[in-house]
Each structure stands twice: as C-alpha cells, then as structure tokens.
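What follows is a short report on a single structure.
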Amino acid sequence: MKDKKVEYNPNKIEAHWQKVWEKEKTFSPDLKAAKKPFYNLMMFPYPSAEGLHVGNMYAFTGADIYGRYKRMQGNDVFEPIGLDGFGIHSENYALRVGRHPREQAEISEKNFYRQLRATGNAYDWTRTLETYDPDYYRWTQWIFVQMFKKGLAYRKKAQVNWCPSCKTVLADEQVIEGKCERCSSIVEKKDLEQWFFAITKYADRLLLGLDKIDWPEKIKIAQRLWIGKSEGARIEFVIASGAKQSQKETASSPSASRSDTIEVFTTRPDTLFGATFMVLSPEYPIVSSIKDKKVQDYVRAAKKRTERERIEEGKEKTGVFSGLYAINPVNHEKIPVWIAEYVLMAYGTGAIMAVPAHDQRDFEFAKKYGLPIKKVIVEPRFAGVIERHPEGVINVDEGVNGVNEAYEGEGVIINSSEWNGLKVPEEISKVVDWLQDTGIGKREAHYHLRDWLISRQRYWGPPIPMIFCSTCEKNGIGEHEDTPGWYSVTEDQLPVLLPDVEDWKPKGEGTSPLANHPEFHETKCPSCGSKARRETDVSDTFLDSAWYFFRYISTDDKTCIWDPERARKWLPVNMYIGGAEHSVLHLLYVRFITMAFKDWGLISHFEEPFPRFFAHGLLIKERAKMSKSRGNVVVPDEYIAKYGADALRLYLMFLGPFDHGGDFRDTGIEGMYRFVKRVWRLVTQGLSSKDQLSSINNQELERVMNRAIKEVSGDIENLRYNTAIAHIMEYVNALIDFHTKYKILDTKYCKSLLLLLAPFAPHMTEELWQRLAVSGLRIEETNQTKRQLPTAKSIHFEPWPQYDEKYLVEKEATIVIQVNGKRRGEIRIQSSESRIQSLVEGKARKEVEKYVEGKDVKNVIYIPGKIINFVV
RNA sequence: GCUCGGGUGGCGGAAUGGUAGACGCGCUGGCUUCAGAAGCCAGUGUUCGCAAGAAUAUGGGAGUUCGACUCUCCCCCCGAGCACCA
C-alpha cells in the first residue's frame with residue numbers, strides 16, 4: 001500500500017470518544033421525551049478500593065452490549081450507573097485499610113468511576129447515584145418510616161444470627177452454610193431485640209410472581225426453595241391431666257398460647273393416627289417449667305451448643321422424656337411427650353407429632369428409645385386388600401420390624417377408622433377438611449422464609465429513623481397502639497444524618513458505635529416532648545440496594561422519591577443483568593420492596609421490578625473465584641493500557657457463553673488484539689468505489705454478509721456473545737479473502753461490519769465510522785492533533801443492519817451421502833434440483849456404488865438439501 | 001441427603017436428531033526480514049499408512065432411531081445452591 005498507513009492506537013481513540021460521548025451527553029436519553037424507553041440495568045456494584053476487577057468488567061460489558069444493541073434497534077436506552085457504597089462491605093474494607101469509611105468512600109468513588117469510564121460502557125453519567133449520599137439515604141430512611149407506618153417494620157426479641165467478627169446481627173439470607181456472607185466467620189445465635197421487615201406477609205405473592213417473570217429457571221427454583229412453602233395443618237394436642245408440673249405462663253409466643261395444650265404443624269395430617277409420641281424443641285416455652293433434673297440437664301446442654309455444632313453432630317438423635325403425656329385427638333390414645341434437639345424452635349410451632357412409621361427422623365428416634373411404631377400408610381398396591389378388610393386393618397407390623405426405614409412414599413391410609421382407603425398425597429385435603437369440621441385442626445401453610453432482620457450494629461449505614469420515648473412507653477402510648485414508646489421520624493426531619501465520628505469501629509456489645517454519641521441520639525419525643533432516644537442501629541445494606549433503580553429515573557429531583565410520570569414511562573426495568581449469587585438476597589428483597597410500593601400506591605402498573613433477568617456466569621482466575629485473600633484479582637487497567645478496552649471487551653465476551661462465565665487467562669487477548677487490528681487495517685485500506693466493482697461477481701459476499709447479520713442479531717438477542725463474535729470473525733475472514741483476491745471492496749460491507757461490531761468494540765467502530773463519513777471512501781491519516789467534534793451521527797445511533805432471506809440461499813447444496821448411517825461421500829448439486837429426490841438419489845447412488853453394490857437397498861431416507869441415507 | 005447445572009481435541013468452546021470439533025488460542029512447517037515484532041501461506045482429535053485411504057472418537061454402560069454430542073434408563077466424575085423445615 002502506498003497510502004500513508006493509519007496506525008491503530010486504541011488509547012488515543014478510546015480516550016477521545018469517551019470524552020466526546022460524555023460531553024455531548026450521547027448516552028443520556030431525555031427521560032421525559034423518550035418515545036421508546038428501554039431501561040437496561042446492571043446489578044449495582046459496591047466499590048472497594050482495589051477497584052473494579054475484570055470480573056466486574058465482564059458482567060458490565062455483557063450488559064452494555066445488550067443495551068447498545070437495543071439502542072441501534074431504535075430504542076431510547078437508559079443505562080445508569082452508581083455505587084452501592086454504604087454498608088458493611090464498604091465499612092469492612094475501610095477497617096482493613098484503616099481509613100474512615102467516609103474518606104475511603106471518596107477514594108473508592110473516584111477510582112471506580114475512572115475505571116468504569118475506561119471500559120467504554122454507555123452509561124448516563126448525568127444520573128449517577130451513591131447510596132451514602134444523604135440525598136439518597138434520606139429516601140432509604142423514608143422507606144423505613146413507611147414500613148413502620150404500614151405495620152411492616154416491627155421490633156421483636158428473637159434468636160438472631162450474630163457474626164462475632166462483623167460484630168453485628170445478620171438476616172437469614174446472609175448466613176451461608178452457617179457462616180457470615182461477608183467474612184465467613186461462624187455465625188452464633190443470640191437473643192436480641194431487633195427491627196424486622198415483615199417479608200413473610202408477602203411469601204405467597206413472592207412465590208406466585210415467579211410464574212410471571214422471565215428469569216433463569218435456576219434462580220426461580222432457588223427462590224421457591226428459599227420461600228419454602230409447605231402446606232399442611234395445625235393440630236392441637238391436649239396435655240393429659242395428672243401431669244403435676246406447675247406450668248407457669250411463659251413469655252407469650254404465638255406458638256404456645258395455652259400451657260395445657262401443645263400445637264403442632266404437620267404436612268402429613270393423614271398420618272395422625274400413626275402419631276405415637278410428640279417431640280418438643282428444647283427451647284419450647286413449657287419445657288423450662290419442667291422441674292425434672294434430667295430434662296433440665298439435657299436442655300442446658302443443648303442450648304450451650306451452637307446450631308452449627310448441633311447439625312455437625314450428625315444424624316444421631318438424642319432426646320429426653322419430659323414426664324408429660326398428651327392425648328392424640330383422633331384416637332384419644334395417651335402418648336408420651338419427649339424433648340429433642342432435632343426439633344427446631346424456629347420452624348412451625350417448635351413441637352411435632354412424631355409418626356415413626358412414616359418419617360425417617362421420627363423412626364430413628366423411636367428405634368433408639370423403644371417407642372411404638374404404628375403403620376398407617378401402605379403402598380398403593382395394597383389398595384385392593386384394604387377393600388376386603390372393612391376395618392382397614394392389615395399387618396400392622398409389616399414393614400416396620402426388621403426394616404430400618406420409614407415409608408415416606410405415596411399410598412393408601414389404613415388403621416385410621418373413617419380415613420381408611422384414602423389415597424395420599426392426593427386426598428390429604430379431605431383429611432384436613434375433616435380436621436377442620438371436627439375442630440381438631442386447621443389448614444395452614446408454613447414457610448422457610450423468615451422476616452427480614454434489618455438492623456445492624458454498625459456505623460456505616462443509614463441510621464434507622466426511629467425515636468424511643470420511655471415516658472410514652474410507661475403510659476402505653478406510641479405511634480401505633482402495639483408499639484408503645486416508638487415513633488418514626490417525621491418526613492420533614494429526614495434525613496437523619498449520619499454524624500462524622502472518630503470512634504466508628506464496631507464494638508461488639510450489641511449496639512452501634514452511635515450509641516456512644518449522645519449528641520446524636522439524645523432528642524425529644526415527637527409526641528410528649530420529654531427526653532427521648534434515637535435508634536442508633538443502622539439499616540442493612542441490602543435495603544439500600546433494594547430500590548435504587550427507582551431513584552435513577554429522578555436523581556435530578558430532590559422533592560420526591562421519584563417522579564411518578566417517569567416511573568410510568570420507564571419502569572419496570574426492561575432488562576436486568578447480574579450475578580446468580582444474589583438469587584435469594586438482593587433479588588428477593590427487591591421484589592418484596594416493589595410489592596410493598598405497589599400496596600402503598602406509589603406505583604400501580606407493575607409489582608415485579610424485573611420482568612426479565614439474565615444471570616451471567618462467574619469470571620474466575622485459575623479455577624478459583626477472584627478474591628483479595630487468594631491474591632488472584634485481575635485488574636483491567638493494565639490490559640486496557642496495552643490492548644485497549646475494545647480488545648479486552650471482545651476477549652471477555654469471546655471466552656464462552658455469557659451465562660457460563662470463564663477462566664481468565666491472558667494468553668488469548670493477544671489474538672483478539674490482532675483481530676481488532678485486522679479489522680482496522682481492512683477498513684482503513686480496503687475501500688474502492690462501486691463502479692470498480694461492477695465487473696466482479698460478489699454474490700457470495702452478499703450471502704456471507706446477510707448470514708452474518710442474521711446470526712449476530714439472533715446471538716445478541718439471546719446474549720450468546722461468544723458465537724456472535726465468531727460469526728463476525730467469519731465475516732471478516734470472508735472480507736479479507738475477497739480483498740486479497742480483488743484488491744477492492746465495496747464500502748457497504750465495511751459499514752455493515754462496523755455496525756455489527758459496534759456493541760462489542762464501541763470506540764474503534766465509532767472512529768472508523770466517523771472517518772468513513774468524512775472521507776466517504778478511503779481513510780487516510782487526518783490531522784489527529786486538531787480533532788474536531790464528530791461530524792456525523794454516532795454509529796451507536798445508526799439503525800441495526802437488516803438481512804434479506806433471499807440472499808441466504810446457496811446456489812449449490814452439498815448433500816452428504818450415508819450408507820447405513822455412515823458417511824460415505826458427498827455430492828454438490830444445484831439448489832433447485834435438490835428438491836427432486838429421484839435425481840439426487842441417482843447421483844448419490846453412483847457416488848457410493850462400491851458400498852451398495854450387490855446389496856439390497858431396503859430404504860432410502862432423504863432430507864432435502866442435507867443428507868441422503870441408503871439402508872442396505 | 002435433596003435440587004439444579006455440567007462432562008466434546010493440548011486449551012476456551014461450536015453443533016440440541018442429519019458432514020462432530022464452527023470461531024479463536026496454542027503448536028508445527030514455510031514465505032517475508034540484517035534481526036525481532038507484525039503479517040501472509042499450509043497443517044494440526046487419535047490410531048494404521050509414504051500416500052490414497054481406512055478404522056476410531058463427544059465421562060462409562062445399555063436402549064430408542066435409517067441416523068444420537070443431542071432423546072430415554074443406569075452408573076461414574078466435577079461445579080453450584082439448599083440442608084434435622086415436621
């Protein structure tokens with residue numbers, strides 16, 4: 001080439017376009033005027049000062065590509081970014097580096113935003129938000145106040161998860177395998193009074209809503225299991241009179257309203273006749289009133305162990321007889337009441353009816369302590385036998401003695417008077433109806449989901465906007481009748497500012513550092529005016545991130561939580577992309593908060609915040625998750641400096657399917673950098689005018705282009721970026737071959753190539769697009785030192801290329817010939833002829849004569865245009 | 001223990017009933033160069049063979065089918081989530 005070569009210089013190009021896009025507000029849609037709003041959102045990042053690593057970049061780039069594709073399809077795409085920098089994650093980082101969280105937040109913010117800019121994502125930089133900004137957390141606090149006003153926020157003394165290292169309580173969702181979600185310390189149980197959000201009131205809606213949303217099945221299943229609905233019945237057992245314990249009424253608990261009965265929850269009311277004993281959890285209220293020394297020793301030993309120890313001690317069940325008896329309400333048998341660890345206070349009523357014949361745990365317990373086992377369900381194949389025994393009593397001991405497991409499968413009820421012959425599980429419902437009619441029990445569902453423990457004994461978070469007045473408490477007055485002494489902070493007093501204090505580190509005494517600051521917590525009661533105290537705990541980080549996408553649409557308006565008109569236009573979020581690790585944390589909380597907003601009338605046209613969610617895979621390094629402690633965190637900066645963000649974006653997306661993640665090894669980046677340079681060279685050197693082309697038959701090229709458009713479009717729509725890039729590469733290879741052969745190339749092929757590549761490599765495609773617009777044909781070195789603002793419309797607003805089916809058909813078809821399913825040859829044939837089977841068969845037959853010769857052709861299978869198989 | 005993903009060349013992966021290994025990395029040989037880089041050309045699952053060619057091959061085993069990486073059943077291995085939930 002004689003032309004002056006135009007060198008590819010990614011650093012220069014990328015910095016230039018990033019500046020231009022931000023200055024021109026290229027990716028800041030007019031939220032009011034937009035005609036085709038498309039809210040493209042990536043999961044909220046929390047910034048640490050190590051900053052953004054390639055794992056984050058992997059996720060964000062994948063989300064950005066989708067947004068850019070939607071923009072080129074004519075949508076007004078809104079792609080905001082912000083920082084979830086309030087809360088325990090950020091505070092723990094500040095602790096580690098020994099800097100005040102506020103100071104650290106400033107450093108992290110600057111660094112994180114710088115890195116995010118360098119990745120070239122199409123963020124709307126005019127609408128960033130940070131959760132630690134008082135203009136933001138004012139509304140987080142406002143949400144808390146609304147929760148309190150609607151009775152969804154309440155205080156309760158309960159056994160809660162306590163992380164001894166983070167020195168705070170945690171929600172159930174934040175305990176992973178008995179360990180702290182943040183620091184992996186073993187979580188302890190503590191009896192503390194805390195604030196909760198009543199997410200369980202939404203359990204059924206959270207469950208039902210899953211059927212209506214387009215989320216990965218995996219995530220939906222995880223949420224279903226977490227919500228964990230089990231349907232059954234609550235059944236009351238009366239304690240047999242004659243038990244001489246003095247039963248003092250203990251602290252009122254919903255599960256033990258009366259001390260002379262024991263209520264149980266069971267999913268198998270059909271086995272009630274088989275209940276031969278009962279088991280109470282060691283924490284069950286009446287247990288403490290049993291004076292027996294053996295009982296109290298057992299209970300004390302059990303309580304001393306952590307939950308984790310109890311589980312780790314394995315399947316070996318231990319227990320002690322309480323001395324009490326209860327009456328089985330259906331057959332009036334007197335059955336013993338035991339106390340055992342394997343029954344958990346936290347689930348159901350903390351007491352169970354034990355049916356050893358049909359529950360493996362009860363079975364093991366019964367075997368160990370020699371308790372009776374009564375079979376009340378038989379396998380379906382015995383159904384006929386039961387009909388011949390009107391009493392429904394057959395082989396009571398069959399399958400029990402000498403067998404070492406309970407029968408938990410489906411079957412038919414026996415030994416249960418009028419229930420005999422009912423099929424289970426199909427007819428359990430009839431049993432429950434019967435129990436309801438006779439007043440023995442009532443239909444009930446229980447959930448694994450617990451209320452969301454929202455308070456944290458930490459500094460770096462939004463102070464919970466509540467005030468406690470002991471005077472009012474004494475008088476039994478409060479904002480609600482049932483919350484004496486407690487008042488929410490009035491709206492005009494929000495935000496309750498987090499004060500700058502020196503002793504911000506967690507103390508571990510069950511209170512927040514703010515408890516040491518009277519200047520913060522001393523206040524006046526909003527009702528009676530006497531001395532009162534502010535709540536000093538802060539709220540959970542997950543509350544900050546549970547509503548951020550509402551705020552993005554109105555960051556310019558400080559007078560309301562969001563502009564309702566914009567909400568109607570922009571919400572719900574069209575596409576949400578993030579990690580699967582939040583399936584039962586963030587993604588559940590967000591759905592709950594959104595449903596609450598709907599009930600409060602803040603929104604009306606939706607209650608699922610994310611109708612479409614895509615879970616990307618995890619980018620790992622050397623087969624392990626990137627983490628500071630492993631020392632395998634890869635930062636994108638040096639790669640961007642060396643190869644440019646465009647090459648790195650392409651490399652990351654080419655690694656494998658976006659929902660699978662991948663292992664980051666930098667060997668492949670070189671190859672991708674070469675690819676980017678090849679494209680650059682092709683477009684800068686290879687263009688000629690149309691007239692020169694008239695003599696060359698470029699039908700094949702036309703087909704390749706249309707095919708590329710079709711494949712790339714479909715792949716991006718399904719977020720299959722790796723194959724999209726592969727198809728772009730095939731297209732590039734075809735263009736280079738053509739150019740090598742004829743030395744010319746029609747500009748339109750280069751243009752379509754740039755358009756297809758634009759979402760992946762936004763900077764270099766913009767640069768080439770703009771140069772093409774200026775020069776029309778041949779790109780030469782322009783005066784780079786005096787760059788002007790773009791003269792043409794940004795490539796990122798150009799319409800996405802369309803393909804035409806008619807160019808996709810090949811003139812010649814290759815038909816593979818098989819004999820008995822084995823490939824034996826192939827023929828090429830005019831596409832028009834491929835429809836005529838006899839013709840194809842004849843030609844194919846000749847081709848594979850040596851394999852068919854002298855044999856009977858029993859069958860010929862022909863798939864037009866693809867394959868022909870002779871069966872001999 | 002239960003639930004959900006996976007298992008394909010030296011590597012990442014493609015192909016969801018019709019030519020297994022697209023696309024890329026790596027590697028081998030060649031061209032170009034003073035040299036390097038970059039670039040270009042050819043090759044690259046395994047076994048036998050100088051070659052033509054043949055056999056064989058998608059964790060293992062069985063099955064359905066004219067035809068199976070793809071569907072069904074059993075087993076092995078890896079990863080993720082939940083876990084004494086009554």
Side-chain angles (χ1 to χ4, degrees), chain A residues 176-178 216-226 228-230 232 264-269 271 275 278-279 281 307 310-311 313-317 340-344 346-355 358-362 364-365 446-449 580-581 583-584 617-618 620 623 650-651 654-657 659-675 677-678 681 711 720 722-733 736 740 814-826 858-863 865-872:
Chain A
I176 313 290
E177 286 178 8
E217 210 45 46
K218 190 175 89 169
I219 307 288
K220 290 199 203 180
I221 289 166
Q223 288 212 357
R224 277 194 199 103
L225 289 174
W226 188 261
K229 183 174 186 175
S230 356
V264 301
F265 170 72
T266 178
T267 54
R268 294 296 304 272
T271 62
M278 298 188 81
V279 188
S281 158
E307 190 172 337
R310 286 199 201 176
I311 293 164
E313 275 163 29
K315 295 268 176 265
E316 181 65 27
K317 297 196 170 25
E341 268 184 349
Y342 81 92
V343 173
L344 309 174
Y347 189 80
T349 62
I352 62 158
M353 64 177 212
V355 184
H358 306 291
D359 181 284
Q360 187 59 23
R361 293 156 301 176
D362 298 346
E364 284 165 23
F365 194 80
H446 274 255
Y447 300 87
H448 171 251
L449 182 72
E581 69 274 19
S583 46
V584 294
L618 197 64
I620 56 173
R623 310 174 70 88
L650 279 161
Y651 168 70
F654 190 57
L655 227 46
D659 54 351
H660 285 198
D663 201 342
F664 184 90
R665 284 167 314 146
D666 49 15
T667 55
I669 299 182
E670 290 277 357
M672 196 52 84
Y673 185 51
R674 284 203 292 271
F675 168 72
K677 282 194 290 188
R678 262 203 307 278
R681 215 178 312 122
E711 297 291 337
R720 298 165 53 94
N722 58 330
T723 48
I725 294 167
H727 286 118
I728 294 174
M729 286 172 164
E730 283 178 316
Y731 184 36
V732 169
N733 290 344
I736 289 175
T740 309
T814 305
I815 292 166
V816 169
I817 311 157
Q818 295 185 331
V819 178
N820 285 342
K822 274 203 161 110
R823 186 182 189 279
R824 293 299 182 188
E826 61 177 48
K858 284 193 215 144
N859 198 5
V860 180
I861 288 122
Y862 179 55
I863 310 294
K866 276 189 171 163
I867 207 158
I868 185 158
N869 190 8
F870 293 95
V871 186
V872 298

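Every chain is numbered from 1, with letters handed out A, B, ... down the list of sequences. Keep in mind it's a predicted model, so treat the numbers as computed, not measured.
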Minimum heavy-atom distance between S230(A) and Y347(A), given as atom pair plus value:
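Heavy-atom minimum between the residues: OG-OH, 2.8 Å.
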What heavy-atom pair brings M672(A) and Y651(A) nearest, and what distance separates the two atoms?
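In terms of heavy atoms, the two residues are closest at CG-N, 3.6 Å.
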Expressed as a whole number of Å, how far does the [atom1] atom of [N] sit from that of [M]?
N	M	atom1	result
U64(B)	C69(B)	P	16 Å
C41(B)	G61(B)	C1'	46 Å
A55(B)	G59(B)	P	22 Å
G10(B)	U46(B)	P	7 Å
G12(B)	G81(B)	C1'	26 Å
U19(B)	U58(B)	C1'	15 Å
G60(B)	C11(B)	P	15 Å
U32(B)	A42(B)	C1'	15 Å

Sugar-phosphate only, base, or nothing, as touched by G662(A) at under 4.0 Å among non-hydrogen atoms:
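It contacts nothing in the nucleic acid.
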Verdict with supporting geometry, E711(A) and T723(A), side-chain contact (heavy atoms from CB on, under 4.5 Å)
CA-CA 8 Å; E711(A) 297 291 337; T723(A) 48; over 6 Å; no
What is the distance from [atom1] of [X] to [atom2] of [N], rounded to the nearest Å?
X	N	atom1	atom2	answer
H448(A)	C85(B)	NE2	P	10 Å
L344(A)	C82(B)	CG	P	17 Å
D663(A)	G6(B)	CG	C1'	16 Å
R720(A)	A22(B)	CZ	C1'	12 Å
D659(A)	G79(B)	CG	C1'	15 Å
K866(A)	A20(B)	NZ	P	14 Å
I867(A)	G18(B)	CD1	P	9 Å
D359(A)	C2(B)	CG	C1'	15 Å

Which residues pass the salt bridge (Lys or Arg N to Asp or Glu O under 4.0 Å) test with [X], not counting sequence neighbours?
X	result
K822(A)	none
R361(A)	D359(A)
E581(A)	none
R268(A)	D270(A)

Strictly under 3.5 Å: I want the nitrogen or oxygen pairs between protein and nucleotides 38-45 of chain B, one per line.
none

Kindly indicate, with the supporting measurements, whether the criterion side-chain contact (heavy atoms from CB on, under 4.5 Å) is fulfilled by S281(A) and L344(A).
CA-CA 6 Å; S281(A) 158; L344(A) 309 174; 5.9 Å; no
Enumerate the protein-to-nucleotides 9-11 of chain B contacts in which both atoms are nitrogen or oxygen and the separation is below 3.5 Å.
residue, atom, partner, partner atom, Å
C11(B), O2', R665(A), NH1, 3.2
C11(B), O2', R665(A), NH2, 3.2

Do [X] and [Y] touch side chain to side chain, with heavy atoms closer than 4.5 Å?
X	Y	answer
T271(A)	M353(A)	yes
I815(A)	K866(A)	no
P657(A)	N722(A)	yes
V343(A)	F365(A)	no

Checking [X] side chain against [Y] main chain: does a donor-acceptor pair fall under 3.5 Å?
X	Y	answer
H448(A)	W226(A)	yes
N869(A)	G821(A)	yes
H660(A)	G656(A)	no

Please determine if a side-chain N or O atom of H660(A) lies less than 4.0 Å away from the OP1 or OP2 oxygen of G79(B).
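So the side chain of H660(A) is outside the cut-off, no N or O lying under 4.0 Å from OP1 or OP2 of G79(B).
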Give a yes/no answer on whether the side chain of T723(A) brings an N or O atom under 4.0 Å of OP1 or OP2 in C23(B).
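No.
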Quick one: pull up CZ in F654(A) and CE in M729(A) and give me the separation to the nearest 0.5 Å.
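Spacing of CZ (F654(A)) from CE (M729(A)) equals 4.5 Å.
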In terms of side-chain heavy atoms of [X], which of [options] is nearest?
X	options	result
V816(A)	A22(B), U19(B), A86(B)	U19(B)
E826(A)	U19(B), A83(B), A86(B)	U19(B)
A726(A)	C4(B), G13(B), C23(B)	C23(B)
M729(A)	C82(B), A86(B), G24(B)	G24(B)
E730(A)	C84(B), A22(B), G18(B)	A22(B)

Where does RNA chain B form stems of at least three consecutive Watson-Crick or G-U wobble pairs, each pair having both distances below 3.5 Å?
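B:1-7 with B:76-82, B:10-12 with B:23-25, B:26-31 with B:39-44, B:45-48 with B:53-56, B:59-63 with B:71-75 - these are the stems of 3 or more pairs that involve RNA chain B.
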First of F265(A) and I221(A) reached from the 5' end of RNA chain B, by closest nucleotide
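On the 5' side of the pair lies I221(A).
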Do any side-chain atoms of residues 216-225 of chain A form donor-acceptor pairs under 3.5 angstrom with protein atoms, and if so which ones, sequence neighbours left out?
residue, atom, partner, partner atom, Å
K220(A), NZ, L210(A), O, 3.0
K220(A), NZ, I213(A), O, 2.8
Q223(A), OE1, R591(A), NH1, 2.7
Q223(A), NE2, S583(A), O, 2.8
R224(A), NH2, D211(A), OD1, 3.2

Just confirming the chi classification of G7(B), syn or anti, using 90° around 0 as the syn window.
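Here G7(B) takes the anti form, which means its glycosidic angle is more than 90° from 0.
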Give each protein N/O atom lying under 3.5 Å from an N/O atom of nucleotides 63-72 of chain B, with the pair distance.
residue, atom, partner, partner atom, Å
C66(B), O2', N869(A), ND2, 3.3
C66(B), O2, N869(A), ND2, 2.5

Restricting both atoms to N or O, compile the protein contacts to nucleotides 52-57 of chain B shorter than 3.5 Å, with distance only.
residue, atom, partner, partner atom, Å
A54(B), OP1, Y851(A), OH, 2.8

For V732(A), which residues count as a side-chain contact (heavy atoms from CB on, under 4.5 Å) partner, sequence neighbours excluded?
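side-chain contact (heavy atoms from CB on, under 4.5 Å) list for V732(A), sorted by chain: F675(A), V679(A), I728(A), I736(A), L753(A).
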Just jot down the side-chain contact (heavy atoms from CB on, under 4.5 Å) partners of V860(A), sequence neighbours excluded, or say none.
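Listed in chain order: Q837(A), E841(A), V857(A), I868(A), F870(A).
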